[in-house]
Amino acid sequence: MTIGNNLTEEEKAAIEELKRRTINDITPKMRQDETLFYRFLKARDFNLQKSEDMLRKHIVWRKEFQVDTILTDYKPPEVLVKYLPVSLVGYDKEGSPIIYTDMAGDPKGIIGSAKKTDLIKYVIRIYEKAVESMKEQSVKHGKPVTSMVQIYNYANMTFTKATNRKSIEMVKLGIDIFQDNYPERLKVVFDINTSFYFSLFFPFIKVVLAPAVYNKIHFYGEEKWKDDLLEIIDADVLPAFLGGNHTDPNGDPMCNSFIVHAKTVPESYYLKKSEKILCQTEGVNKIIVTRFSTETINLEVKEANSFLEWEFETKNKDIGFGVYFKENDSKIIDLIPKQRIDTYYGSETGVYKCEKPGTYIVAFDNSYSWLYQKEVYYKIRVIDPNSV
């Protein structure tokens, strides 16, 4: 993606206006991305308000998952490193990073062995590695490299995996992360070795794909895709099992030294149900959230840069959780968007830096449940910035 002389005067003005509206809210790391405002405007057809809304949600999302420091500070669980079959495999002829995904993975094993938060962070980490590598490739090639290539291999997909709800949910999760937070980062997608099982699986995925993403997908059966891959990727870079010449030093064409292929997750990695201990802890509050309802807790923060800290668990099943901010009589702003959290494997803990004084609202949401009320035990406190 090259911007500058290719832009109209109206588009340049929109970029400057979006920058003016949000420059004080984006982080120093985000400011390093010269294409930031253009990409979010392009993703919303240069509709300024929609682009601003999208960018502001992205800012909140980056804070929630500590994206700016995820490459240095986040240590992913071993099970994801070894068994989530997503890998960076090199660069195409123009320097675009290539992400390879084996679609015959073990969704039950992955979800049963890692918390959803860790799964999200690990996927973000892969994308952030790709984005970071674009800077090096831009210098190497003497021109901006701003997008990536994605290869999805459906060779060993079975009927069970094609129709498995967890498998579908995992793919949708990855799509949502990418579409909402990495606009205009996609160069091309190769869906290879598609079969009858793919035709059962893909309709569930297609409904959440943005047109800009769907239009970049190329579909292949068992033939012709190797030649098309080699048109954009050097044979010495493309792994041998994908039609190139690259092998491990020992001659292994599967390149197991840097590619994670689909494997069954050993049961030894499975998380075990935790004993409910928060409800037995001194100073813990209890709240009943009836079906179709939401309960909120308001906390007054008087000093800027205080910390809002929480820990909670449900007696059974999951609960929706979100954090919001209300400054004086202004509108309520999402800080941590509502998400359903299951404390089956342990209590949920978190902390948020309150950059402004005002009313912070913690919400426990059960509006989606038709049958069950939820019993929630929680500890929530505001910590003075000088005591941290």
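- Atoms CD and CZ, on Glu295 and Phe364 in that order, are 10.0 Å from each other to the nearest 0.5 Å.
- Looking at Glu9 and Lys12, a side-chain N of the basic residue comes within less than 4.0 Å of a carboxylate O on the acidic one, giving a salt bridge.
- Side chains of Glu311 and Thr349: a donor-acceptor N/O pair is absent below 3.5 angstrom, by distance only.
- Glu267 and Tyr269 form no side-chain donor-acceptor contact under 3.5 Å, judged by distance and modelled atom types alone.
- One finds the OG atom of Ser133 at 10.5 Å from the CD atom of Glu128 (value rounded to the nearest 0.5 Å).
- In this structure, the separation between CG on Leu84 and OG1 on Thr101 is 8.0 Å, given to the nearest 0.5 Å.
- With sequence neighbours excluded, the residues that form a side-chain contact (heavy atoms from CB on, under 4.5 Å) with Asn181 are His58, Trp61.
- Environment of CD in Glu169: crowded, with over 12 heavy atoms of neighbouring residues, nucleotides or ligands closer than 6.0 Å.
- Side-chain N or O atoms of Ser306 include none that pairs as donor or acceptor with a backbone N or O of Asp384 at under 3.5 Å.
- Distance check: Ile151 CD1 to Tyr220 OH gives 10.0 Å after rounding to the nearest 0.5 Å.
- Side-chain N or O atoms of Thr27 include one that pairs as donor or acceptor with a backbone N or O of Met30 at under 3.5 Å.
- Interatomic distance, CD1 of Ile126 versus OH of Tyr122, reported as 5.0 Å (0.5 Å rounding).
- Scanning all heavy atoms of the two residues, the minimum distance from Leu335 to Pro337 falls at O-CD, 3.8 Å.
- For the residue pair Asn153 / Asp102, no side-chain donor-acceptor distance below 3.5 Å is found, with atom types taken as modelled.
- Of the possible donor and acceptor atoms, one in the side chain of Lys161 sits under 3.5 Å from a partner among the backbone N and O of Ala104.
- With a 6.0 Å radius and a threshold of 12 heavy atoms from other residues, nucleotides or ligands, Lys57 has its NZ atom at or below the threshold.
- Taking the centre of each ring, His261 and Tyr83 stay at or above the 6.0 Å mark.
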- Does the pair Leu36 and Leu18 meet the rule for a side chain to side chain contact (heavy atoms under 4.5 Å, CB included), with working shown? CA-CA 10 Å; Leu36 176 71; Leu18 181 60; over 6 Å; no

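- Within 6.0 Å of atom NZ in Lys42, 12 or fewer heavy atoms from other residues, nucleotides or ligands are found, so the atom counts as exposed in its surroundings.
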- Message: Quick one, Tyr154 with Phe202, criterion ring-ring contact (aromatic ring centres under 6.0 Å, His included). Give me CA distance, side-chain angles, the key distance, then yes/no.
- Response: CA-CA 11 Å; Tyr154 292 84; Phe202 191 70; 7.9 Å; no

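- Under 4.0 Å is where a charged nitrogen must lie from a carboxylate oxygen, and between Glu16 and Arg20 no such pair does.
- Using modelled atom types, no side-chain atom of Asp118 and backbone atom of Ala114 make a donor-acceptor pair closer than 3.5 Å.
- By the 4.0 Å N-to-carboxylate-O rule, Lys187 lies close enough to Asp92 to be salt-bridged with it.
- Partners of Pro253 by side-chain contact (heavy atoms from CB on, under 4.5 Å), not counting sequence neighbours, listed by chain and number: Ala240.
- Between Asp342 and Lys116 no salt bridge is recorded (no basic side-chain N to carboxylate O distance below 4.0 Å).
- No donor-acceptor pair closer than 3.5 Å links the side chain of Asp234 to the backbone N or O of Val237.
- Thr146 and Thr35 share no side-chain donor-acceptor pair at under 3.5 Å.
- Between Tyr127 and Gly174, the shortest heavy-atom distance links the atoms OH-O, 3.9 Å.
- Between the side chain of Asp106 and the backbone N or O of Val265 there is at least one donor-acceptor pair closer than 3.5 Å.
- Side-chain atoms of Lys172 never come within 3.5 Å of backbone atoms of Ile205 as a donor-acceptor pair (strictly under, hydrogens ignored).
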- Task: Could you give me the CA-CA distance, side-chain angles and deciding distance for Lys143 and Glu94, then say whether side chain to side chain contact (heavy atoms under 4.5 Å, CB included) is met?
- Result: CA-CA 9 Å; Lys143 61 180 182 179; Glu94 295 180 327; 4.1 Å; yes

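- A salt bridge is absent between Lys326 and Glu300; no separation between the charged side-chain nitrogens and carboxylate oxygens falls under 4.0 Å.
- Of the charged side-chain nitrogens involved, at least one lies within less than 4.0 Å of a carboxylate oxygen, so that Lys374 and Asp318 count as a salt-bridged pair.
- A cation-pi arrangement, defined by a distance under 6.0 Å to the six-membered ring centre and an angle within 45 degrees of its axis, is absent between Arg185 and Phe178.
- Listed here is the closest heavy atom pair of Pro357 and Glu303: CG-C, 4.4 Å.
- Cation-pi contact between Lys121 and Phe65: absent, since separation from the ring centre below 6.0 Å together with deviation from the ring axis within 45° is not met.
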- Thr290 vs Gln373, side-chain hydrogen bond (donor to acceptor under 3.5 Å, both in side chains): CA-CA, chis, key distance, verdict: CA-CA 4 Å; Thr290 59; Gln373 69 176 22; over 6 Å; no

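- Legend: residues meeting salt bridge (Lys or Arg N to Asp or Glu O under 4.0 Å) with Lys331, ordered by chain and number and at least two apart, are absent.
- Taken to the nearest 0.5 Å, the CD1 atom of Ile70 stands 9.5 Å off from the CZ atom of Arg62.
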- Message: One pair to check against side-chain hydrogen bond (donor to acceptor under 3.5 Å, both in side chains): Asp248 and Ser257. What are the steps and the verdict?
- Response: CA-CA 7 Å; Asp248 275 346; Ser257 66; 2.4 Å; yes

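- Proximity of a side-chain donor or acceptor of Arg291 to a complementary backbone N or O of Tyr372 within less than 3.5 Å is not detected.
- Checked against a 6.0 Å centroid threshold, the rings of Phe312 and Phe321 count as neighbours.
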